[in-house]
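What follows is one structure encoded as structure tokens, with my remarks underneath.
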Amino acid sequence: MSALPDSVTVRVPASTSNCGAGFDTLGLAFKLYNHVTLRRTSGDIRPAGPGDERATVMVASAAAAYFAATGHEPFGFVFSISGDVPPARGLGSIITVRAGVVAGLNALTGDRLPRSRIVAILTALE
């Protein structure tokens with residue numbers, strides 16, 4: 001078995017499903033991406049640099065959902081979020097963060113969860 005990584009960066013595309021006439025009928029992914037980097041540390045979950053409280057709460061709730069769903073012992077990590085997906089524009093900036101955290105923790109713990117399980121964890125956050 002190979003050693004687990006101490007750090008991982010996940011690239012998550014922007015998306016929208018607001019393409020219907022009054023209801024969602026079509027989903028699209030775009031060539032806009034956010035990058036979520038997680039680096040395992042001791043202590044709490046915290047941003048790598050100056051970060052806003054809203055992002056920290058989103059990251060912590062996604063991590064709590066991952067740890068609860070998988071039974072892994074929670075651990076601390078430093079996170080950073082960068083990229084081109086603008087917040088509050090209907091392009092899924094929140095889900096890019098949540099999905100990046102869950103996929104990143106999946107890599108840091110050595111899990112090989114199928115996409116359906118990752119989606120189930122993310123759905124529980126809604």
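The line from CD1 of I95 to CG of L125 is 7.0 Å long, rounded to the nearest 0.5 Å.
The two residues S7 and T37 make their nearest non-hydrogen contact at OG-CG2, 4.0 Å. The heavy-atom pair separating A55 from I81 by the smallest distance is CB-CD1, 4.4 Å. In plain terms, the two heavy atoms of S80 and A48 that are nearest each other are CB-CB, 4.1 Å. Listed here is the closest heavy atom pair of I45 and A60: CD1-CA, 4.2 Å.
Under a 3.5 Å cut-off, the side chain of D84 and the backbone N or O of L32 do not form any donor-acceptor pair.
Screening residues 68-82 for salt bridge (charged side-chain N to carboxylate O under 4.0 Å, His left out) gives no qualifying pairs among residues at least two apart or on separate chains. The stretch residues 36-78 participates, sequence neighbours left out, in these ring-ring contact (aromatic ring centres under 6.0 Å, His included) pairs: F67-F75. For the ring-ring contact (aromatic ring centres under 6.0 Å, His included) condition, no pair includes a residue of residues 92-113, sequence neighbours left out.
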Side chains of residues 116-124: which donor-acceptor partners sit under 3.5 Å, not counting sequence neighbours?
unit_1, atom_1, unit_2, atom_2, d
R117, NH2, A69, O, 2.5
T123, OG1, V119, O, 2.8

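Residues V36 and T9 have side chains not in contact (no heavy-atom distance under 4.5 Å, counting atoms from C-beta outward).
In this structure P47 satisfies the side chain to side chain contact (heavy atoms under 4.5 Å, CB included) test together with T56, F79, sequence neighbours excluded. The side chain to side chain contact (heavy atoms under 4.5 Å, CB included) test applied to S82 returns H35, not counting sequence neighbours. Under the rule for a side chain to side chain donor-acceptor pair (under 3.5 Å), S93 has no partner lying at least two apart in sequence or in another chain. With sequence neighbours excluded, no residue forms a side chain to side chain contact (heavy atoms under 4.5 Å, CB included) with A68.
When each of L38, V8, D111 is paired with L105, the side-chain contact (heavy atoms from CB on, under 4.5 Å) condition holds for L38 and for no other.
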side-chain contact (heavy atoms from CB on, under 4.5 Å) between R112 and N106, worked out: CA-CA 7 Å; R112 303 254 189 262; N106 191 46; 5.9 Å; no
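No more than 12 heavy atoms of other residues, nucleotides or ligands shown are found within 6.0 angstrom of CZ on R39.
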